[in-house]
Amino acid sequence: STGSVVTTPQQYDVEYLTPVTIGTPGQNLEIDIDTGSSDFWVFSSETPKSQVDGQTCYNPNKSSTAKKLEGATWEIEYGDGSSSSGDVYLDKVKMGGVNFSSQAVEVASKVSAEFTADTNNDGLMGLAFGSINQVRPQKQTTFFENLQSSLDKPLFTADLKSGAPGHFNFGYIDKNAYTGSITYTPVNSTQGFWMWTSPGYTIGASGKFKSSPIEGIADTGTTLLLLPSSVVKAYYKNVSGASYQSSNGGYVFPCDATLPSFYVSVGDDARIKIPGKYMSYAPVDSQGQNCFGGLQTDDGIGFSIFGDVFLKAAFVVFDAGKERLGLAAK
Ligand SMILES: NCc1ccc(-c2ccco2)nc1
């Protein structure tokens, strides 16, 4: 089998939302596919009304195929401080024309304020490795892991775009979705992530390559590109008026500043070009005078995060069959 589903950016490409259908009859929700986590959770009939602000809620009591996973609970906290928790049902899940009949659907009985405020987002679908799933007493497998053996190829691809809809595809590689060739690089999944190491980077079209291994995760659920502070400092030295502003929580610069492109190396002789435009995330003030950088530090995390600012510049193959990541220009 193969599947393909559209994914649509929200304002400033802060996150990408993807349609999913749960249960019988189908209940349609819009979720955030997150390759940086491994839980599929949704707003539900169990989410307190005070914590719901327009989101679509999955109601297992209205699904003839829903089965409660007795005794199972879950709780999760994300890197941005947001969190959610609840209990678990098994039900049919369809996305992009592929379906799995007994997918663990983690229903939220509590969500943090950040999720309540994110009014178009009905939940998260984690597509990292099941080893870091948060359901207890027994961990659950991801939607992709459940599909894997029935897919034509044991892989999925992400084609996120800047300010336009893109696609997640399952089980095949769309040759029309990228240019040139795909460069593959090993994935280390021991921490449960799609973790890989870039050999280095280049700042600007005429910049010199800096050999500097950067270990990080391919994370569709993180908006920005989070790299070591030495790299980030070197980049913003090239941006006039840029400074680290603790009040804004990171590097800020005049929105009319010229931003150099940033090249992330892959394998022995390939690199992904992030256009300067992608290196500005959003205005920090209502006048739109100063802008928050799309590149920020990975301080305190323990590894770098190749989030949407990077991923939307590439065609990305998440190849579980060969434990590798494929990257191509587009
Ligand atoms: N990297 C996982 C992830 C995704 C989305 C969110 C989120 C959305 C609204 C508030 O917080 N948080 C963490």
Side-chain angles (χ1 to χ4, degrees), residues 7-20 29-44 47-48 50-58 74-86 95 105-135 140 142-144 156 158 160 166 168 189 191-196 216-227 249-250 281-282 292 294-312 316 318:
T7 190
T8 303
Q10 300 307 287
Q11 190 178 35
Y12 304 118
D13 298 349
V14 63
E15 63 187 10
Y16 291 75
L17 295 181
T18 304
V20 67
L29 280 67
E30 292 282 323
I31 50 97
D32 178 2
I33 292 181
D34 176 19
T35 60
S37 66
S38 303
D39 285 64
F40 174 34
W41 72 263
V42 290
F43 277 77
S44 75
T47 314
S50 61
Q51 296 175 17
V52 181
D53 182 8
Q55 289 84 0
T56 300
C57 295
Y58 164 62
W74 61 279
E75 61 178 341
I76 195 163
E77 181 163 352
Y78 297 102
D80 63 357
S82 60
S83 62
S84 50
S85 61
M95 187 165 71
V105 181
E106 302 173 32
V107 301
S109 50
K110 186 175 181 184
V111 302
S112 65
E114 297 88 350
F115 284 113
T116 300
D118 193 7
T119 55
N120 295 324
N121 183 354
D122 304 327
L124 260 68
M125 178 183 277
L127 295 188
F129 296 85
S131 57
I132 56 171
N133 175 268
Q134 296 293 109
V135 174
Q140 301 297 304
T142 70
F143 181 68
F144 168 67
F156 66 93
L160 305 182
F168 283 95
S189 63
Q191 293 182 67
F193 299 114
W194 292 93
M195 184 171 276
W196 66 287
I217 66 171
D219 183 1
T220 58
T222 290
T223 310
L224 306 181
L225 173 58
L226 308 179
L227 297 179
Y281 167 55
F292 195 73
L295 172 63
Q296 297 292 342
T297 78
D298 63 11
D299 285 347
I301 299 173
F303 45 79
S304 292
I305 300 190
F306 297 99
D308 300 337
V309 162
F310 167 77
L311 298 171
K312 67 189 179 186
V316 190
F318 293 80

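This structure is a prediction, so every number in the text was calculated from the model and none was measured. Ligands are counted one by one from 1 in listed order, and the atoms in each one are counted from 1 as well.
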J.: Using a strict cut-off of 4.0 Å, indicate which atoms of ligand 1 neighbour a heavy atom of Leu124.
T.: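 Numbered from 1, ligand 1 contributes 2 (C), 3 (C), 4 (C).
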J.: Of the protein's non-hydrogen atoms, which lies at the shortest distance from atom 7 (C) of ligand 1, and what is that distance?
T.: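 The closest heavy atom on the protein side is Phe115 CE2, 3.3 Å.
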J.: So which heavy atom in the protein is nearest atom 10 (C) of ligand 1, and how far is it from that ligand atom?
T.: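 Among all protein heavy atoms, the one nearest atom 10 (C) of ligand 1 is Glu114 CB, 3.4 Å.
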J.: Looking only at protein heavy atoms, which one is nearest to atom 3 (C) of ligand 1, and how far off is it?
T.: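 For atom 3 (C) of ligand 1, the nearest protein heavy atom comes out as Gly221 O, 3.7 Å.
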J.: Quick one: look up the protein heavy atom nearest atom 2 (C) of ligand 1 and list residue, atom name and how far away it is.
T.: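 The protein heavy atom lying closest is Asp34 OD2, 3.2 Å.
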J.: Does a donor on one side chain sit under 3.5 Å from an acceptor on the other, for Ser37 and Asp39?
T.: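 No.
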J.: Anything under 30° is parallel, anything over 60° is perpendicular, the rest tilted; go ahead and classify Phe303 against Phe193.
T.: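 Phe303 and Phe193: tilted rings.
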J.: What protein heavy atom lies closest to atom 12 (N) of ligand 1? Include the residue and the distance to one decimal.
T.: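 Protein heavy atom with the smallest distance to atom 12 (N) of ligand 1: Asp80 OD2, 2.8 Å.
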J.: Donor-acceptor pair, Asp122 side chain versus Thr56 backbone, under 3.5 Å?
T.: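 A pair under 3.5 Å: yes.
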J.: Quick one: side chain to side chain donor-acceptor pair (under 3.5 Å) partners of Ser112, sequence neighbours excluded?
T.: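 Result, side chain to side chain donor-acceptor pair (under 3.5 Å) vs Ser112: Glu114.
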J.: Would you mind checking which non-hydrogen protein atom is closest to atom 9 (C) of ligand 1, with the distance to 0.1 Å?
T.: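 The answer is Asp118 OD2, 3.2 Å.
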J.: For a quick check under 3.5 Å, do Gln10 and Asp118 share a side-chain donor-acceptor pair by atom type?
T.: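 Judged by distance alone, the side chains do not pair up.
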J.: Which ligand 1 atoms does Glu15 reach within 4.0 Å, using its non-hydrogen atoms?
T.: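 Within the 4.0 Å cut-off of Glu15, ligand 1 contributes 8 (C).
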J.: Which atoms from ligand 1 have a heavy atom of Ser82 less than 4.0 Å away?
T.: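 Listed by number with element, the hits are 11 (O), 12 (N), 13 (C).
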J.: Can Asp53 and Thr116 be counted as having a side-chain donor-acceptor contact under 3.5 angstrom?
T.: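 Checked: Asp53/Thr116 side chains show no N/O donor-acceptor pair below 3.5 Å.
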J.: At less than 4.0 angstrom from any non-hydrogen atom of Asp32, what atoms of ligand 1 do you find?
T.: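 Counting from 1, the qualifying ligand atoms are 4 (C), 5 (C).
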J.: Donor-acceptor check, side chain of Thr220 to backbone of Thr35, threshold 3.5 angstrom: yes or no?
T.: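 At least one qualifying donor-acceptor pair exists.
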